[in-house]
Structures are given as structure tokens and as C-alpha cells.
Amino acid sequence: MSLFVPVESSQSISVADDGDHTSATSLISMLNIPKYMKDKWAETSTAGSEVGRLKIMKVPGKLPAVTFSLAEVCLKDAKLPREHKFILHSVKEQTLGVFSHSGPVANSDAVVPPDTEKLYMEGQVIQKFECQPVVDRAYLSLKREAAKKAEEPQRKASFIERPVHVYKPIAKHKHNIEFEERKKTEGKKARDDKDKVMEMLYSAFEKHQYYNIKDLQKITKQPITYLKEILKEMCDYNMKNPHKNMWELKPEYRHYKSDNPQAEDKNSSDSD
């Protein structure tokens with residue numbers, strides 16, 4: 001969390017042309033505080049209440065030493081470090097500004113039109129401080145508790161007195177029963193006569209030129225090994241695209257009807 005504290009000065013600041021620049025000459029110090037301090041202030045502090053005391057000790061020839069002590073109200077129900085020190089960081093290579101944005105009133109459902117919204121520049125950040133706790137027993141205890149909390153698993157196993165069944169046990173599932181019934185009705189695949197199987201294959205190849213082995217097995221209902229033996233005699237197996245891994249009748253077994261009957265009659269007359 002960052003706090004912004006105005007610094008009295010008359011130094012001018014250049015800003016963009018859009019927005020309100022009435023506070024553009026304000027110089028601001030930015031302070032980063034630890035998360036536990038922000039949470040504790042949100043819980044315990046009220047308007048006008050004391051949250052801590054700031055001490056500034058000027059040292060000749062050096063930067064002032066700034067320390068901060070948390071108030072007793074913040075340390076009442078929590079083991080937090082009391083003493084903190086402010087560390088100054090340079091912002092010469094950065095251009096930091098503080099802006100505010102006009103919005104709807106709190107606890108109001110009114111919608112603010114985009115034309116009425118306005119951006120205000122509160123000032124420029126010229127100092128950046130970081131509030132760090134002094135390493136003592138309270139700080140080490142706080143870090144130890146945070147590490148333990150981070151190591152705790154989000155889900156824990158708990159002991160129950162009796163088992164809880166989220167589903168009812170089933171000895172035979174529905175798909176297994178259907179498979180067994182289908183197996184009984186179809187029976188074991190027996191080898192039919194070779195000529196009968198070839199007739200079924202011829203009939204299938206009259207409809208389509210290329211077939212997969214699984215489709216032919218569904219049509220003939222023959223064992224896969226027996227079907228392959230017959231296919232090797234009467235079909236060619238394609239190894240290249242576009243009909244890779246598919247079977248096709250050998251040229252001597254093909255007899256496809258021509259789409260142009262006149263051309264077919266002409267070819268037959270020429271052969272005579």
C-alpha cells in the first residue's frame with residue numbers, strides 16, 4: 001500500500017493539457033507500507049485516532065533518520081513489530097504523479113456520463129519512502145507464522161466415524177450387460193463358405209470402390225484373419241494417399257458401369 005503526503009513548495013510542474021491542473025504545483029512524498037500494517041489500520045483505526053508516532057532525527061552532514069512506532073491499539077490483539085524505519089529511494093530517473101478521478105457518489109446507483117468524468121492531477125512525487133520493520137523477535141515471529149500458514153494445504157483429510165457413499169456400488173454396469181447380450185445374440189463368428197464371402201465382397205464393391213477392413217468385416221461378419229486371406233486374393237491394398245490403408249478390387253475382378261453408355265457401345269464395336 002502507498003500513502004501520499006503533500007510537501008509545501010512553490011516549485012512548478014509541467015503536466016499534460018487534458019484534465020484539471022489546479023493542484024499541479026503540489027509536491028508529494030510517497031510512502032510504501034507493509035500489508036499487515038495496512039490491514040491493521042483498516043481494522044482498528046477510526047477518524048482522528050492515533051495509529052503511530054513518527055520521529056525525525058537530523059544528523060549533521062547526513063540524511064535525516066526517520067523512524068515510526070506503531071500505536072498500542074494496533075499491537076493489542078496481534079504480534080506485530082512495533083519499530084519501523086523509513087528508507088529513502090531516489091526518483092530522479094522516474095516521473096511519478098498522483099491523479100484523482102471523478103466518479104459516482106458512494107452508495108449511489110447513479111451512472112456518471114463519460115462527458116462529466118474528469119481527471120485531476122494532485123501533484124508530482126518528489127520523494128519515495130519505504131517503511132521497513134526493524135528485525136526483532138516480533139518481526140521474526142510474524143514471518144515464521146506467515147511461512148507456516150503458506151505451507152498449510154488448502155485441503156485436509158478429516159477422520160469420519162462411518163463411511164460415506166457418494167455413489168451406489170454396481171456389480172455390472174449397463175454397457176457391460178449390453179455387450180454380453182449382444183455377444184450372445186450374434187454368437188461366435190464362424191467362417192462361411194469362401195464363394196459366399198466373395199459374393200458379398202463383390203456386391204459391396206459394386207457400391208463403392210474403396211473399403212476399410214473394419215467396414216468389410218461388418219458387412220461380411222467374418223473373422224478378421226479369414227477375411228484378410230480372401231482379400232489378398234481378390235483385392236489390392238493401397239499404401240499411398242488419397243486412399244491409404246483401404247482395399248480395392250484387382251483389375252481383373254473389376255467391372256464398373258460406365259457413365260457414358262454410348263462410349264461403352266462404341267468401344268465394344270471397335271473391339272469386334
Side-chain angles (χ1 to χ4, degrees), residues 35-36 39 42-43 104 107 109 111 114 143-272:
K35 184 178 181 299
Y36 65 83
D39 296 338
E43 293 176 6
N107 299 327
D109 297 333
V111 179
K143 298 299 289 183
R144 191 182 302 111
E145 293 297 329
K148 288 182 179 179
K149 188 176 181 180
E151 291 177 355
E152 291 180 358
Q154 296 182 354
R155 296 182 178 182
K156 294 183 179 180
S158 59
F159 179 78
I160 55 177
E161 296 181 357
R162 58 182 63 184
V164 178
H165 297 289
V166 295
Y167 63 91
K168 186 179 180 180
I170 301 175
K172 290 185 178 181
H173 294 273
K174 184 179 179 180
H175 60 275
N176 291 334
I177 297 174
E178 293 177 353
F179 176 76
E180 291 179 358
E181 291 179 354
R182 186 171 64 253
K183 192 174 180 181
K184 289 179 181 179
T185 54
E186 293 180 359
K188 188 177 180 180
K189 293 181 180 179
R191 294 190 177 190
D192 291 337
D193 186 60
K194 184 177 180 181
D195 295 336
K196 184 179 179 181
V197 177
M198 292 180 71
E199 288 179 4
M200 289 189 288
L201 292 173
Y202 283 134
S203 177
F205 278 107
E206 287 179 358
K207 300 176 182 178
H208 300 285
Q209 185 176 357
Y210 301 96
Y211 275 96
N212 191 301
I213 185 66
K214 293 183 178 179
D215 295 332
L216 293 174
Q217 186 181 16
K218 290 180 181 179
I219 295 172
T220 59
K221 297 181 180 180
Q222 297 298 306
I224 190 71
T225 53
Y226 179 59
L227 181 60
K228 282 185 177 180
E229 292 178 2
I230 300 176
L231 287 173
K232 288 178 181 179
E233 295 181 8
M234 56 184 297
C235 297
D236 291 330
Y237 186 69
N238 293 303
M239 301 293 291
K240 297 181 180 180
N241 290 325
H243 303 288
K244 189 177 181 180
N245 301 331
M246 300 188 76
W247 294 87
E248 178 188 15
L249 283 176
K250 290 182 178 181
E252 57 268 26
Y253 294 104
R254 298 175 191 171
H255 181 67
Y256 301 114
K257 294 182 180 180
S258 176
D259 295 335
N260 191 353
Q262 296 180 357
E264 185 178 359
D265 296 339
K266 185 178 179 180
N267 293 333
S268 59
S269 61
D270 292 342
S271 61
D272 294 340

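Since this is a predicted model, take the numbers as computed values, not measurements. Residues: numbered from 1 along the sequence shown.
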Worksheet item: Rounded to the nearest 0.5 Å, how far does NZ of K172 lie from CD1 of I177?
Response: 6.5 Å
Worksheet item: With sequence neighbours excluded, what pairs up with D39 under the side chain to side chain donor-acceptor pair (under 3.5 Å) test?
Response: K35
Discussion item. Students often mix this up, so state it plainly: with edges at 30° and 60°, are the rings of H208 and Y211 parallel, tilted or perpendicular?
Written reply: perpendicular
Fill in: Pairwise distance NZ(K228) to NZ(K232) - rounded to 0.5 angstrom
7.0 Å
Worksheet item: What salt bridge (charged side-chain N to carboxylate O under 4.0 Å, His left out) pairs are there with at least one residue in residues 193-202, not counting sequence neighbours?
Response: K194-E233
Practice prompt. Could you tell me whether a side-chain N or O of Q209 sits under 3.5 Å from a main-chain N or O of E248, the two making a donor and an acceptor?
Written response: no
Worksheet item: OG1/T220 to CG/L227 distance, rounded to the nearest 0.5 angstrom?
Response: 4.5 Å
Worksheet entry | Minimum heavy-atom distance between T225 and R191, given as atom pair plus value | OG1-NH2, 4.0 Å
Discussion item. Using the ring-ring contact (aromatic ring centres under 6.0 Å, His included) criterion, which residues pair with Y226? Sequence neighbours excluded.
Written reply: none
Discussion item. Taking atom OH as the centre, does Y202 end up with more than 12 heavy-atom neighbours from other residues, nucleotides or ligands that are less than 6.0 angstrom away?
Written reply: yes
Which side-chain N or O atoms in residues 234-247 pair as donor and acceptor under 3.5 Å with protein atoms at least two apart or in another chain?
unit_1	atom_1	unit_2	atom_2	d
Y237	OH	N245	OD1	3.1
N238	ND2	M246	O	3.2

Worksheet item: For I160, what residues pass the side-chain contact (heavy atoms from CB on, under 4.5 Å) criterion, not counting sequence neighbours?
Response: V164
Worksheet item: Within a strict 4.5 Å, meaning less than it, do heavy atoms of the L231 and I213 side chains meet?
Response: yes
Item to complete: Can you run down the salt bridge (charged side-chain N to carboxylate O under 4.0 Å, His left out) pairs that involve residues 153-162, sequence neighbours left out, and say none if there aren't any?
Response: none
Worksheet item: Atom CD of Q222 and atom CE of M200: how far apart are they, to the nearest 0.5 Å?
Response: 5.5 Å
